[in-house]
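Input: a single structure, listed below in structure tokens.
As a basis for the values below, the full set of heavy atoms in this structure was taken, side chains included, without hydrogen atoms, waters or symmetry mates.
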Amino acid sequence: MILKEILSHVEMLDSHGDLNCDISGIDIDSRQVSENHLFVAVKGTQTDGHAFIEKAVAQGARAVVVCEDFPTNMPENVTFVRVANTEQVVGVLATTFYGDPTGRFVNDSSTSASDVAQNVATAEGETTQKAPLKLVGVTGTNGKTTIATVLYQLFRGLGYKVGLVSTVCNYIDDRAVEATHTTPDPISLNKLLADMVEAGCEYAFMECSSHSIHQHRIEGLKFVGGIFTNLTRDHLDYHKTFENYRDAKKMFFDGLDKSAFAITNLDDRNGAVMVQNCKAQVRTYSTRSMADYKGRIVEESIEGMLLDINGSEVSVPFVGRFNVSNLLGVYGAAVMLGEDSAEVLRVLSTLRPVNGRFEAIRSPKGCSAVIDYAHTPDALENVLTAIQEIVNGKGQIITVCGAGGNRDKGKRPLMAQEAAKRSDRVIITSDNPRFERPEDIIADMLAGLDEAARAKTLAITDRREAIRTAAALAQAGDVILVAGKGHEPYQEIEGVKHHFDDHEEVRSAFGIA
């Protein structure tokens with residue numbers, strides 16, 4: 001693709017060299033640069049790409065985009081372009097290079113994305129005519145993975161080809177693509193979305209993390225809709241304050257245009273805040289008050305719930321009020337995308353919970369274990385409240401949980417408090433210690449407990465032994481919550497990911513295959 005075309009949607013402050021040169025790839029990591037690539041020098045949170053310009057040029061970069069002064073020595077065969085902020089423009093550059101997979105730069109705004117054919121580059125360098133994706137973003141602290149994944153499953157069940165960008169795994173229709181981040185970097189993301197278009201996907205559902213919004217990873221994409229789940233303390237190691245974290249989420253909704261929809265959770269006090277300046281069509285959902293999409297639990301067990309959604313009953317294999325909220329977000333998005341409400345409920349009843357999100361495993365001796373990704377105080381509260389309502393005093397709740405290393409330390413004592421408040425027994429253990437000592441993380445958690453809470457709490461550093469201890473303590477009718485890792489099949493220790501799967505450990509502790 002010609003460099004001038006790639007730059008067509010960004011404002012250049014200055015340039016040096018040939019803007020009509022041919023570009024065969026785009027990178028923000030100098031190690032990935034190959035012959036005739038465009039290297040974008042991004043000032044990241046860990047490293048500054050400007051320090052690697054010389055390396056990128058040595059590896060064959062044909063052009064370089066910077067946001068600082070041009071280097072003193074500029075090779076004659078390399079084009080240099082200066083912009084105000086490389087972090088903000090890299091997403092737009094990637095979107096343009098990969099053929100505008102979501103139709104952001106379609107000129108005729110009155111034409112829907114589904115009616116517009118876009119040129120999408122193929123691996124062979126040819127172009128094919130494909131309609132851009134209808135992209136829906138999901139943001140919030142908890143529930144993003146469930147909502148995005150259930151929407152993916154739902155629309156496949158409705159007969160569409162669909163893409164998914166999520167924490168657990170990315171999908172191009174039925175083809176799995178490993179996920180390394182909740183939201184990929186802008187170049188990987190646009191490549192993934194372009195592959196979805198090439199595969200004939202009509203819809204894509206994507207988790208939008210606060211990091212990705214704040215770091216402009218989704219810049220250049222057009223969203224036909226957005227969903228807000230909830231907002232509780234998380235990622236303060238990055239955002240520093242709750243207000244900064246909230247505002248990062250709000251940026252997503254501020255960026256939606258009037259042709260899009262925004263669905264927000266009225267049960268969260270930040271639900272209304274998210275859409276204050278939103279130009280999109282706003283819809284609401286709630287389990288407690290009047291809303292466009294209203295839901296309530298009619299019956300509930302460890303296997304699932306009978307729900308009333310907008311006056312219609314549906315049986316689903318999901319558990320907990322928090323999952324009622326998640327399913328309302330799914331239902332609302334499907335309706336806003338033009339699907340028949342009765343058919344949406346029919347397909348919803350056939351779907352299964354997301355890997356690592358309130359997955360129940362029964363023991364031969366009559367107790368159960370729930371595996372859940374809950375790794376914030378609010379998520380623990382939600383899951384344990386759901387378990388309390390199911391157990392209803394007829395059994396004990398035993399919680400196994402820890403906290404991740406090199407992350408927000410302030411939430412550690414709060415997580416221990418939530419676990420102790422809503423459990424009969426608590427076992428504090430190792431999660432992903434990363435580069436911290438597990439014993440130090442456990443000590444931070446225990447510091448939040450008073451004498452009464454400590455009396456029912458054990459500290460077992462080895463996670464496998466902690467799960468086995470919980471299984472040994474459990475009697476018929478009891479429920480064990482194993483929280484924090486969910487879908488993750490590893491423990492990260494000193495920069496190395498060691499195989500560890502809570503599902504496998506629970507089954508082994510229960511003596512089942």
Side-chain angles (χ1 to χ4, degrees), residues 1 25-26 91 94-138 145 147-179 183-208 217-218 220-227 259-261 330 333-340 343-344 346-348 350-352 354:
M1 190 174 192
I26 180 170
T95 292
T96 307
F97 180 79
Y98 283 107
D100 196 9
T102 61
R104 168 70 181 272
F105 301 120
V106 174
N107 292 324
D108 184 2
S109 60
S110 66
T111 306
S112 68
S114 60
D115 296 329
V116 180
Q118 294 294 295
N119 290 324
V120 180
T122 66
E124 292 74 28
E126 302 172 351
T127 58
T128 56
Q129 294 293 316
K130 300 283 186 178
L133 293 164
K134 296 173 185 173
L135 179 64
V136 176
V138 187
T145 300
I147 290 180
T149 305
V150 174
L151 275 167
Y152 162 79
Q153 295 172 343
L154 172 65
F155 273 73
R156 291 198 76 218
L158 290 168
Y160 297 98
K161 286 191 172 184
V162 188
L164 174 67
V165 183
S166 88
T167 303
V168 178
C169 188
N170 302 320
Y171 280 91
I172 301 173
D173 199 27
D174 59 352
R175 178 164 70 88
V177 180
E178 183 182 4
T183 313
D185 70 80
I187 296 171
S188 301
L189 176 58
N190 276 277
K191 173 66 166 63
L192 179 65
L193 295 174
D195 288 345
M196 292 177 189
V197 173
E198 181 62 26
C201 293
E202 186 170 344
Y203 293 94
F205 302 101
M206 181 169 80
E207 294 184 53
C208 297
R217 289 187 224 160
I218 59 175
L221 301 178
K222 175 182 173 61
F223 290 86
V224 300
I227 304 168
S259 67
F261 64 81
V330 169
V335 170
M336 290 300 291
L337 289 168
E339 298 304 313
D340 177 73
E343 183 64 5
V344 168
R346 184 193 68 77
V347 178
L348 270 182
T350 68
L351 305 182
R352 307 298 304 174
V354 178

Can you find a heavy atom in the side chain of [X] that is under 4.5 Å from one in the side chain of [Y]?
{"X": "Pro186", "Y": "Ile218", "value": "no"}
{"X": "Leu164", "Y": "Asn170", "value": "no"}
{"X": "Leu135", "Y": "Lys222", "value": "no"}
{"X": "Leu221", "Y": "Arg104", "value": "no"}
{"X": "Leu133", "Y": "Cys201", "value": "yes"}
{"X": "Val162", "Y": "Gln153", "value": "no"}
{"X": "Leu158", "Y": "Leu154", "value": "yes"}

Trace of the side-chain contact (heavy atoms from CB on, under 4.5 Å) decision for Thr149 with Val168 | CA-CA 9 Å; Thr149 305; Val168 178; 5.7 Å; no
Contacts of type ring-ring contact (aromatic ring centres under 6.0 Å, His included), residue Phe155, not counting sequence neighbours | Tyr160, Tyr203, Phe205
By side chain to side chain contact (heavy atoms under 4.5 Å, CB included), which residues pair with Ala94, not counting sequence neighbours?
-> Ile187, Asn190
With Arg175, which residues qualify under side chain to side chain contact (heavy atoms under 4.5 Å, CB included), at least two apart?
-> Ile172, Val177
I would like to know whether Lys134 and Thr102 meet side-chain contact (heavy atoms from CB on, under 4.5 Å); could you show each step before the answer?
-> CA-CA 7 Å; Lys134 296 173 185 173; Thr102 61; over 6 Å; no
Sidechain N-carboxylate O distance under 4.0 Å for Arg156, Asp173 = yes
OH of Tyr171: more than 12 outside heavy atoms within 6.0 angstrom?
->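 Result for OH/Tyr171: open.
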Applying side-chain contact (heavy atoms from CB on, under 4.5 Å), run through Leu337 and Val224 and close with a yes or a no.
-> CA-CA 9 Å; Leu337 289 168; Val224 300; 4.0 Å; yes
If you round to the nearest 0.5 Å, how far is NZ of Lys191 from CG of Asp185?
->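 Reported to 0.5 Å precision, the distance equals 12.5 Å.
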